[in-house]
Amino acid sequence: MTQFNSLLLAIDLAATKREQALAELQKQLQAHAFAQGQLDQLQQYANETELRWTQGAQKGTTPELLHHHYQFMARLQQAVSLQQGALLASSGRLENARQKVIAEEFRLASLKQLLSRRQSELAKLRQRQDQKQMDEFATMQTMRQLRQKLENSHEC
């Protein structure tokens, strides 16, 4: 196995990198879920605020109050837009993390396949060497037996 040490080391390193990529993917999934949750909360709050406003406005309102409401809703919509941007950026990081995991999985699988192929080639080579030795041994045995028969036939 010493001839495969560098390949085994590369496999261990690839497995470590894959684990790191999986950990990063998990981190990005959590960050994305958090960003989505914040966006959902902001949108729900904006909808609830608008609903309360329309219900309260039916009872009567002043122009100043209407102006403040529009300013507040504009700022709330700005916060929603910023959070949508944060969610979009999170989606990009999440996709990059997914691609990294795929790349690391592919590298690890390739290295394992290479190791398997080389082990198979080595096994075939050893099998051929063993077969050659057995054939040579059988030939030597046959030659000895023929010599003994010849010697025995000459003695008689």
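Only heavy atoms go into these numbers, but all of them, side chains included; no hydrogens, no water, no symmetry mates. Everything numeric in this text was worked out from a predicted model, so none of it was measured.
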Across all chains, not counting sequence neighbours, the side-chain hydrogen bond (donor to acceptor under 3.5 Å, both in side chains) partners of H69 are E50
May I ask you to test the P63-H67 pair for a side-chain heavy-atom distance under 4.5 Å?
no
Sorted by chain and residue number, the side-chain contact (heavy atoms from CB on, under 4.5 Å) partners of D40 (sequence neighbours excluded) come out as Q36, Q43
For V101, the hydrophobic cluster (side chain heavy atoms closer than 4.5 Å, chained through members) also holds L22, L25, L29, L94
Q.
Please tell me whether I102 and L108 are part of a single hydrophobic cluster in this structure, the criterion being side-chain heavy atoms less than 4.5 Å apart.
A. no
Value for NZ (K112) from OG (S116), rounded to nearest 0.5 Å, stands at 11.0 Å
Under a side-chain separation threshold of 4.5 Å, the hydrophobic residues clustered together with W53 are L65, L66, Y70
The reported gap from CG in L115 to OG in S110 (rounded to nearest 0.5 angstrom) is 12.5 Å
- [ ] Please say whether more than 12 non-hydrogen atoms of neighbouring residues, nucleotides or ligands are located less than 6.0 Å from CD in Q55.
- [x] yes
>> Testing the 3.5 Å rule here: is there a donor-acceptor pair between the side chains of E24 and Q20?
In response: no
So salt bridge (charged side-chain N to carboxylate O under 4.0 Å, His left out) across residues 11-22, not counting sequence neighbours, yields R18-E105
dist R107:CZ -> L13:CG (nearest 0.5 Å) comes out at 7.5 Å
Residues pairing under salt bridge (charged side-chain N to carboxylate O under 4.0 Å, His left out) where one sits in residues 89-103, two or more places apart or in two chains, turn out to be K100-E104
Sequence neighbours excluded, the answer for side-chain contact (heavy atoms from CB on, under 4.5 Å) partners of L88 is none
Note: with side-chain heavy atoms under 4.5 Å as the link, the other cluster members for M143 come out as none
Exercise. Crowded around R75 CZ? As in, over 12 foreign heavy atoms under 6.0 Å?
Worked result: no
In short, S90 meets A31 closest at the heavy-atom pair OG-C, 4.0 Å
The remaining residues in the hydrophobic cluster of L87, counting side-chain heavy-atom contacts under 4.5 Å among Ile, Leu, Val, Met, Phe, Trp and Tyr, are L39, L42, Y45, F72, M73, L76, V80
Rounded to the nearest 0.5 angstrom, the CD-CD distance for E48 and Q44 is 4.5 Å
In short, side chain to side chain donor-acceptor pair (under 3.5 Å) pairs touching residues 132-143 with sequence neighbours left out are Q131-D135, Q141-R144
The side-chain contact (heavy atoms from CB on, under 4.5 Å) partners of S120 (sequence neighbours excluded) come to K124
Sorted by chain and residue number, the side-chain contact (heavy atoms from CB on, under 4.5 Å) partners of A10 (sequence neighbours excluded) come out as L111
